[in-house]
There are 2 protein chains.
Amino acid sequence: MDRSDTPCGLDVALAIIGGKWKPLILYHVQSGPTRFADVKRSVAGISEKVLIQQLRDLVAMNVLVRRDHQRVPPMVDYALTPFGESLVQALIPLCEWGNQNRAKVTETL
Amino acid sequence: MDRSDTPCGLDVALAIIGGKWKPLILYHVQSGPTRFADVKRSVAGISEKVLIQQLRDLVAMNVLVRRDHQRVPPMVDYALTPFGESLVQALIPLCEWGNQNRAKVTETL
DNA sequence: CCTCGAGCATACCTTTAGGTAGGTTCTATC
DNA sequence: GATAGAACCTACCTAAAGGTATGCTCGAGG
């Protein structure tokens, strides 16, 4: 397969999932609409400030939608847009590659 | 649900291609063994220092091999390892996704 | 009426990736 | 003998991503 004529779209993708936590966020939101607190629990170790930042970024890029259910106490959840879905699809091979090679990679760090 | 039980392989992959230039470097080395100066020319805008750093990182992670031809003036080239090849394969869908959505993404930045 | 927790905001500090600007070694070529 | 060019190295600087800490609103449960 000759790919030398096509430009590299990786920079585009990395502009979206380039953050430290964005891939993990996408991974956990992928299963369906997820509440803020649930994302926070799933992505262990992330601070609230950073999580909000990343979520806002993803919303701004049309990868996620923020749905505010207008309740008190606050009830908000985030879900993938169709655009976000297509991104997640493109990420699957890389995700699987990472799982298969996790041991090899972590031992060389 | 525990974080370490259901890991997402994306963090592993991003540990390797996470840098600003690494995807582009991989993209240009993929066509075959490439000399340092050629990589530098292909990846326009990168400084020598950073390029060397990134190449060293990729070598340290067994994605690339550095081959020194023991000449003066220096003659060195970099090539993908089989491990690196498998990574590149996993990157193709993401690369294509990026190309298809380049316009949409860049306009929202 | 006091606290708790949801989903934020805001101020401040630290870490680090990346950029700039120089130097080095050795030979071939002018 | 001056210069150029290959592939590095070293020191220093900056910007921004990420982390820490705290404060906010509002209503339900005690």
Side-chain angles (χ1 to χ4, degrees), chain A residues 8 10-11 13-29 32-61 63-79 105 109, chain B residues 3 8 10-29 32-61 63-79 108-109:
Chain A
C8 181
L10 290 175
D11 54 340
L14 281 177
I16 295 184
I17 58 156
K20 179 176 177 180
W21 304 99
K22 290 207 181 75
L24 289 171
I25 294 173
L26 280 186
Y27 179 75
H28 288 288
V29 169
T34 315
R35 294 192 59 177
F36 177 83
D38 291 331
V39 181
K40 189 184 158 193
R41 261 188 296 273
S42 304
V43 186
I46 195 172
S47 69
E48 279 197 351
K49 184 202 120 184
V50 173
L51 178 53
I52 289 171
Q53 272 180 191
Q54 312 276 46
L55 286 172
R56 286 206 176 293
D57 288 350
L58 292 170
V59 169
M61 307 238 220
V63 174
L64 297 182
V65 251
R66 190 186 109 108
R67 303 189 304 184
D68 191 334
H69 295 254
Q70 306 290 21
R71 291 206 217 139
V72 171
M75 164 75 156
V76 173
D77 62 25
Y78 295 84
V105 171
L109 284 183
Chain B
R3 48 158 186 184
C8 174
L10 291 175
D11 55 340
V12 177
L14 281 177
I16 296 184
I17 57 155
K20 179 176 176 182
W21 303 99
K22 291 208 182 73
L24 289 171
I25 293 173
L26 280 186
Y27 179 74
H28 288 288
V29 170
T34 315
R35 294 192 60 177
F36 177 83
D38 291 331
V39 181
K40 190 185 159 194
R41 263 188 295 273
S42 304
V43 186
I46 194 173
S47 70
E48 280 197 351
K49 185 202 119 187
V50 173
L51 177 54
I52 289 171
Q53 271 180 194
Q54 311 276 49
L55 286 172
R56 286 209 175 293
D57 288 351
L58 292 170
V59 169
M61 306 239 219
V63 175
L64 297 182
V65 252
R66 190 185 109 108
R67 303 189 303 182
D68 191 333
H69 296 253
Q70 306 291 20
R71 289 208 219 139
V72 171
M75 164 76 158
V76 175
D77 62 25
Y78 295 85
T108 60
L109 284 183

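Just so you know, these numbers use all the heavy atoms, side chains as well, and skip hydrogens, waters and symmetry mates.
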- Task: List the atom of A:Cys8, the atom of B:Pro23, and the distance in Å for their closest heavy-atom pair.
- Result: SG-O, 4.4 Å
- Note on the structure: Here the distance between atom C1' of C:dG7 and atom NE2 of A:His69, to the nearest Å, is 13 Å
- Message: Working note: B:Val76 + B:Arg66, criterion side-chain contact (heavy atoms from CB on, under 4.5 Å); need CA distance, chi angles, decisive distance, verdict.
- Response: CA-CA 7 Å; B:Val76 175; B:Arg66 190 185 109 108; 3.7 Å; yes
- Query: In whole angstroms, how far is the P atom of D:dT25 from the CG atom of A:Asp68?
  - Reply: 18 Å
- Item | DNA chain D contacts among residues 45-57 of chain B, heavy-atom distance under 4.0 Å | B:Glu48, B:Lys49, B:Ile52, B:Arg56
- Item | Which nucleotide in C:dG5, C:dC8, D:dC8 has an atom nearest any side-chain atom of B:Tyr78 | D:dC8
- Task: Whole angstrom is fine here: how far is it from CD1 in B:Ile16 over to P in C:dA17?
- Result: 15 Å
- Item | Separation of C:dA6 C1' from A:Arg35 CZ (nearest whole Å) | 7 Å
- Item | Nearest listed nucleotide, side chain of A:Pro74, among D:dC8, C:dG7, D:dA6 | C:dG7
- Query: Could you state the NZ-P distance from B:Lys40 to C:dG19, rounded to the nearest angstrom?
  - Reply: 14 Å
- Note on the structure: Taken to the nearest whole Å, CD/A:Gln70 to C1'/D:dC26 is 14 Å
- Could you state the CZ-C1' distance from A:Arg71 to D:dG27, rounded to the nearest angstrom? 13 Å
- Please report the shortest heavy-atom distance between B:Ala15 and B:Met61, naming the atom on each side. O-CE, 3.3 Å
- Query: So, A:Ser47 side chain and A:Gly45 main chain: donor-acceptor pair closer than 3.5 Å or not?
  - Reply: no
- Query: Hey, does A:Lys22 have a side-chain heavy atom less than 4.5 Å from the side chain of A:Asp57?
  - Reply: yes
- Task: Output the single nucleotide from C:dG7, C:dG5, D:dC8 whose closest atom is nearest the side chain of A:Arg66.
- Result: C:dG7
- Message: Walk me through whether A:Tyr78 and A:Leu58 qualify under side-chain contact (heavy atoms from CB on, under 4.5 Å).
- Response: CA-CA 10 Å; A:Tyr78 295 84; A:Leu58 292 170; over 6 Å; no
- Touch check for B:Val72, heavy atoms < 4.0 angstrom, all strands: base, sugar-phosphate only, or nothing? base
- Task: Ignoring backbone atoms, test whether B:Lys20 places a side-chain nitrogen or oxygen under 4.0 Å from the OP1 or OP2 oxygen of C:dG19.
- Result: yes
- A:Asp77 CG - C:dG7 C1' separation (whole Å): 12 Å
- List the steps and the verdict of side-chain contact (heavy atoms from CB on, under 4.5 Å) for B:Leu14 and A:Leu14. CA-CA 9 Å; B:Leu14 281 177; A:Leu14 281 177; 3.7 Å; yes
